[in-house]
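I have placed the structure first, in the form of structure tokens, so that the comments after it can refer back to it.
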Amino acid sequence: QVQLQESGPGLVKPSQTLSLTCTVSGGSISSGIYYWNWIRQPAGKGLEWIGRFYTSVNTNYNPSLKSRVTISIDTSKNQFSLKLSSVNAADTAVYYCARDERNIAGTAGVYWGQGTLVTVSS
Amino acid sequence: QSALTQPASVSGSPGQSITISCTGTSSDVGGYNYVSWYQHHPGKAPKLMIYEVSNRPSGVSNRFSGSKSGTTASLTISGLQPEDEADYYCSSYTSGSTLVFGGGTKLTVL
């Protein structure tokens with residue numbers, strides 16, 4: 001059974017870069033097979049899709065975040081990561097990582113992590 | 001991209017059926033059969049309930065069904081049960097090769 005677990009600092013200062021890692025167990029992380037997604041949810045608000053990695057040349061981002069986001073994978077560690085630069089209070093949210101599945105297309109994720117809260121504050 | 005439009009809340013009694021709508025545009029819901037629905041209990045990971053408009057992943061109850069007409073997709077839950085009380089989100093693939101979520105609907109089982 002595939003399991004995902006987010007990790008990273010719970011507190012980030014304004015203007016700094018938020019960095020999160022998603023560790024995958026029960027399956028190998030690899031390029032060009034699955035979509036590896038990041039999604040977030042600010043307190044009291046709905047889900048917001050951040051972006052996804054398929055290959056190094058096939059990575060898609062939410063247009064509203066595109067200038068600040070980078071998603072990448074590290075196959076040696078079986079992890080994928082999210083970097084969000086120049087953060088402000090509006091980036092405070094629970095961040096989820098997720099993976100789709102073969103034959104289940106166009107979804108943000110079949111397998112999801114439990115989420116990790118990141119607060120942006122000085 | 002703009003969020004898809006969902007009603008803020010719906011409610012129903014146990015055993016009844018409810019439908020949640022998800023309205024988009026021709027650039028997302030209306031243009032692709034890649035609409036998904038997720039169930040989200042607060043504090044837990046979202047769960048995929050429907051993909052590609054009307055398909056259920058393995059293990060999801062057949063009380064959950066999905067459909068689409070034009071730029072509006074719908075999730076129907078029949079035979080409501082107390083454990084169905086949760087937030088429900090739709091999502092769609094878009095013409096920009098991205099995904100977009102709806103604003104979410106809170107389902108209350110009375």
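Throughout, a chain's letter reflects where its sequence line sits, starting with A, and its residues are numbered from 1.
- Residues of residues 48-73 of chain A placed with any heavy atom under 4.5 Å of a heavy atom in chain B are listed by number as A:E48, A:W49, A:R52, A:N60, A:Y61, A:N62, A:P63.
- The CD1 atom of A:I104 sits 8.0 Å away from atom CD of B:E52, with the distance rounded to the nearest 0.5 Å.
- The interface of residues 4-28 of chain A with chain B, defined by heavy-atom distances below 4.5 Å, is empty.
- If you chain together hydrophobic residues whose side chains sit under 4.5 Å apart, B:L4 and B:L107 fall into the same group.
- Between A:G109 and B:L48, the closest heavy-atom pair is O-CB, 3.8 Å.
- For A:N88, the CG atom counts as densely surrounded, since its 6.0 Å shell holds more than 12 non-hydrogen atoms of other residues, nucleotides or ligands.
- Placement of A:L47 and B:Y93 within a single hydrophobic cluster is found when ILVMFWY residues are connected by side-chain heavy-atom separations under 4.5 Å, directly or transitively.
- B:Y51 pairs by the side chain to side chain donor-acceptor pair (under 3.5 Å) definition with nothing, not counting sequence neighbours.
- Linking ILVMFWY residues whenever their side-chain heavy atoms come closer than 4.5 Å, directly or via other members, leaves A:Y35 and B:F101 in distinct clusters.
- Among residue pairs with one or both ends in residues 52-91 of chain B, none qualify as ring pair (Phe, Tyr, Trp, His ring centres under 6.0 Å); sequence neighbours excluded.
- Across all their heavy atoms, B:A45 and A:G113 have their closest contact at CB-O, 3.2 Å.
- Contacts between B:Y38 and chain A at a heavy-atom distance below 4.5 Å involve the side chain alone, from C-beta outward.
- Distance check: B:L99 CG to A:I39 CD1 gives 8.5 Å after rounding to the nearest 0.5 Å.
- Considering only heavy-atom pairs separated by less than 4.5 Å from chain A, the leading option among B:G102, B:P46, B:P42, B:G43 is B:P46.
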| B:H40 and A:W112: side chain to side chain contact (heavy atoms under 4.5 Å, CB included), yes or no, with the steps? | CA-CA 11 Å; B:H40 190 200; A:W112 292 66; over 6 Å; no
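- Hydrophobic clustering keeps B:V35 apart from A:V110 (ILVMFWY residues linked when any side-chain heavy atoms are closer than 4.5 Å, directly or through intermediates).
- A continuous path of Ile, Leu, Val, Met, Phe, Trp and Tyr side chains, each step under 4.5 Å between heavy atoms, connects B:V60 with B:W37, placing both in one hydrophobic cluster.
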